[in-house]
Structure formats: C-alpha cells, structure tokens
Amino acid sequence: MTNYDLIIRNGHIVTSESVARGDIGIKDGKIAEVSVNEGISAKGTNEINAEGLHVFPGLIDSHVHFNEPGRTEWEGVETGSKSLAAGGVTTYCDMPLNSTPPTINKENLELKRKLSEEKSVINPNYWGGLVPENIDNLKELYDNGVVAFKAFMSPSGIDDFHHSDDETLYRGMKEIASIGSLLGVHAESTVICEQLATKKLQEGKTSARDFVESRPIISEIEAVRRIISYAEATGCKLHIVHASSRKVVQVVEEAKRRGVDVTVETCGHYLSLTVKDLEEKGGLAKCAPPLRDEEELEELWVAVANGEIDVISSDHSPAPASMKTITDNYFEGWGGISGAQSTFNIMLTEGYAKRNLPLEKIVKLMGTNPAKIFGLTNKGDIAVGYDADFAIVSLDESFRLENEDLFYRHKHSPYVGMTFEGKVKTTIVSGEVVFENGHFPKAY
C-alpha cells in the first residue's frame, strides 16, 4: 500500500473544471493522487481533515511590489509573502521596480533572488524591467529566469526606473519577441495625463474627483491601442496590467479576435472600490490608473463573467502611512494600494457570494491562466504531478478585516473594515503547511 507524506481528506476539491468531494495524496512536494468521491485508502504521515471545507489550488499573484532590496521600509519579502500566504496565495511574481536597484540586469536580479529565496514563505518569481538603457540586457535576464518583462508607458514615479518612449518599446518588443518572452505594460498616455493634470493644478482643482479626471479611461485606451499596434508589428506577446475599465478590456478583445497574442489583467481594487472610496479613505485608496465609478466597476464584473479578463492580481504597491496621507491635494501622496492579502477574499465575496461567479472561474483567473501566461509549470490547478500547493477555505465563514489582521509591514489597507465571505484556514506550499488558522506554524 502506498504511503503519502500528507493526505487532505474529505474536502471539496476545486479545480479549473469542477468542484467535487475527494481526497488528495501528496508525496515529495507533489500531488501523487486525486481521488474524487471514493477517497484514498492509503495512510499519510500527516493528514488534514477538510470536511466542510473547499480545497483550492494555491493561487498565483502575478503582480506584486515587495520593494526589496532597497525600499524595505515600504514592504519586504517576508512581510509581503506572509500576507499573500494568509490570503491563500502560494506563488507570486515580483515586479522589477520599487526595488533599489531595479531588476534591469542580471546582477540586480541575482541580488533580488538571493534575498527572496532566503525570506519568502511561498514561491517567488521575478519580472525583469524594460527601460531605455537596458535593451541589451533583456536576453541575459530571460536566460536567468525572469518570467516576463515590465515597461511603463508613462512615468513610473520611481526615479531609477525610467518609462519607455515609443522607440524603446518597439526595439524592446522586437528583442523580447526574438527570445520568446512577454512584455507587460502599464498603459496610460503620458501626454493626456500630464496635460490634464497641469490644467487641474493651474486651476487649483485637487480633489479626489479631479485626480481621477486627470487620468481618464481614454488615456488607457490610447496607450493600449498603441502598444497593441507595436505587438502586431513585432510579433511580441503582450500583457496589459491593471485595466480599470471594461472599455479598455474591449480594446484587448478586439485585438484577440484579430489574432494578436495579448492578455489582460485587472485587480481586486477595481472590482471592489470606487471613486467614492477614494474620497472617503484618502490616500489608502489612491492608485494609477485610478479607481472608477460604480457603473465601471459593474461592467468590469460583466467582463469577468464573460471570460474577457485573463488574470486577477493585487498590484500590491505598499508605502508607509506618511506617504499615503492626503489632506486636500490628491495629486500628492503615493499611488499604490496594499491589497495582496485580500484579493482572493474579494473574489469570493464580490464574485462568488454576490454575483454567482463559479469557483472554477476564480481558479482560472488566479491560478490556471497566470500559470500558463507566465510559464509557471505544474502550478495553478489540482492534478497528479502538479506542485502540492493549496489554499483550504471555509466558504461558510465571514469576517471583518481589521488592521491587526494584516501581515504587511505597514498595517493599513483600504479593505480594512470590510466584511468578507470565505476564510482561508490553511495554506500549503510544496506539501508543507505554511499558514494555519491565522498563524505561521514555523519561525520565518
């Protein structure tokens, strides 16, 4: 009789295709057996009774900013990865900027990798940057393991990560296409946003609404259309990050129908927060592109339901409270939302509980699709041979998020005070329990 290192028994196993009661046998950090309805007769060195609980594949957050090395006073790998684990995420892709130095060459990548492998509670992966000065470094970065490249079409807000002009984008995309990788872009029009912001400031208009109006949806649409045209000309695979509106997503849909290899992501904050929240919560809810109005939020959920969106991520971009404090000028203050711990809860609450979004679709958006797009083999689903990464969830439990529940370096978030449906009870990485009932059983 086969013996397993761990058996998860009696849970409702959620895959990208089905939800069914069963057992999962784990050996050497891999899924060795999935038995639906009948159960596993073998014994496990350790066993978890998941009766009444749902067993999801460990989720993937493909868009986080952990800021290490260099800006660990904003966030760090240990606190960032713990927050993800508490939210059912077992794999992440760390962005190349906010770290100092940024991940734009092999030396900087190795520095980030060393720190991440020492400190991360879950599986780390890395984006490389595309900036005007590093086109010659792209192949070397790819050969050393970056999952994709990130470029800003407008200023990033970080002095040592320059945004890419059109020539840089085109040349970089030709190189990225030649090595078989992918470019992710922050797509906002510099011209539109800067001209509108200048006019607002000259007129003394600095409210939350004024800030949002200075970065309109048409700015995203213009940039997305432009970068898609470069993708068509160069053959480069393209990923649009943090689309704030279905209008943006529909531009991507049109390109997909033409055969362009392009995918699109939105984030938990665009699916749960609006301009009203920005007005009420101040800097905690400031991001770029900015939050939109209620009708845009609802249309994004239509896009999710229709399969128009490929990936849901957090775009976790934290900062100290001093940088998030806004008095009366919303053009000041860091634009980034602390949300890594809450993305799964948003999908379970706003998606599954409120809008009947199937659990299988959540797995696709936060597991199967990002694994496929970013080449994360054997992750994002539950099947024999896959990595034994899981999030075990009680869908019957609800909770109100409080500051003290957060594992971020800075315990603030626009989601504090919200009530969520579905609570992550246990997070497992490579067959090992890393988070259980609100605690980390091992010292990290």
Side-chain angles (χ1 to χ4, degrees), residues 12-19 54-64 84 87-93 122-123 125 147-148 182 184 238-246 248-250 252-253 256 262-273 296-316 337 339-383 386 389-391 393 395 415 420-422 424 427:
H12 297 282
I13 301 169
V14 186
T15 73
S16 61
E17 301 297 333
S18 66
V19 181
H54 284 69
V55 183
F56 288 79
L59 303 172
I60 297 168
D61 194 334
S62 58
H63 189 159
V64 301
L84 286 174
V89 176
T90 57
T91 298
Y92 66 89
C93 303
I122 61 175
N123 303 302
N125 295 275
V147 296
L182 170 150
L238 182 64
H239 184 65
I240 307 299
V241 302
H242 52 49
S244 73
S245 165
R246 191 184 181 201
V248 179
V249 175
Q250 288 173 328
V252 176
E253 280 289 290
K256 287 180 178 178
V262 56
T263 49
V264 63
E265 155 205 302
T266 194
C267 304
H269 41 276
Y270 300 120
L271 295 167
S272 60
L273 303 172
E296 294 293 342
L297 182 151
E298 292 300 335
E299 279 295 300
L300 264 184
W301 276 112
V302 173
V304 169
N306 289 349
E308 298 167 12
I309 290 171
D310 301 286
V311 173
I312 306 292
S313 76
S314 68
D315 189 9
H316 180 64
I337 284 179
Q341 193 168 319
S342 299
T343 308
F344 188 27
N345 286 127
I346 290 166
M347 297 305 293
L348 291 175
T349 304
E350 297 294 327
Y352 173 70
K354 291 187 179 179
R355 296 175 176 84
N356 298 312
L357 185 72
L359 296 176
E360 300 95 320
K361 186 158 283 189
I362 295 176
V363 169
K364 288 179 180 177
L365 290 163
M366 296 189 69
T368 316
N369 289 354
K372 180 180 179 181
I373 291 167
F374 298 104
L376 306 173
T377 56
N378 299 323
K379 293 191 180 296
D381 217 335
I382 296 176
Y386 274 57
D389 300 341
F390 307 99
V393 180
L395 293 183
Y415 304 124
F420 291 112
E421 303 293 330
V424 176
T427 304

A.B. asks: Do Thr90 and Thr427 come within less than 4.5 Å of each other through their side chains, counting heavy atoms only?
C.D. replies: yes
A.B. asks: Any heavy-atom pair between the side chains of Thr368 and Val363 that's under 4.5 Å?
C.D. replies: yes
A.B. asks: Indicate whether any N or O donor in one side chain lies under 3.5 Å from an N or O acceptor in the other, for Ser272 and Glu350.
C.D. replies: no
A.B. asks: Taking the six-membered ring for Trp, are the ring centroids of His316 and Tyr92 within less than 6.0 Å of each other?
C.D. replies: no
A.B. asks: Is the shortest heavy-atom distance from the side chain of Ile312 to the side chain of Thr266 under 4.5 Å?
C.D. replies: yes
A.B. asks: Side chains of Phe420 and Ile346, heavy atoms from C-beta outward: is any pair under 4.5 Å?
C.D. replies: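 Answer yes - side chains close enough.
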A.B. asks: With a 4.5 Å limit on heavy-atom distance, are the side chains of Arg355 and Val304 in contact?
C.D. replies: no
A.B. asks: Test of understanding: with side-chain hydrogen bond (donor to acceptor under 3.5 Å, both in side chains), list the residues that count as partners of Glu421, not counting sequence neighbours.
C.D. replies: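 Partners of Glu421 by the side-chain hydrogen bond (donor to acceptor under 3.5 Å, both in side chains) criterion come out as none, since no residue qualifies.
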A.B. asks: Less than 4.5 Å apart, side chain to side chain, heavy atoms only: is that true for Val64 and Val89?
C.D. replies: no
A.B. asks: So how far is it from Phe56 CZ to Ile13 CD1, rounded to the nearest 0.5 Å?
C.D. replies: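 Going from the CZ atom of Phe56 to the CD1 atom of Ile13 covers 12.0 Å.
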A.B. asks: Counting C-beta onward and ignoring hydrogens, is there a side-chain heavy-atom pair between Ser62 and Ile373 closer than 4.5 Å?
C.D. replies: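 The answer is no; the side chains never approach within 4.5 Å.
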A.B. asks: Among Lys364, Lys256, Lys372, find the one that has a salt bridge (charged side-chain N to carboxylate O under 4.0 Å, His left out) with Asp310.
C.D. replies: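 Exactly one option meets the salt bridge (charged side-chain N to carboxylate O under 4.0 Å, His left out) with Asp310, and it is Lys256.
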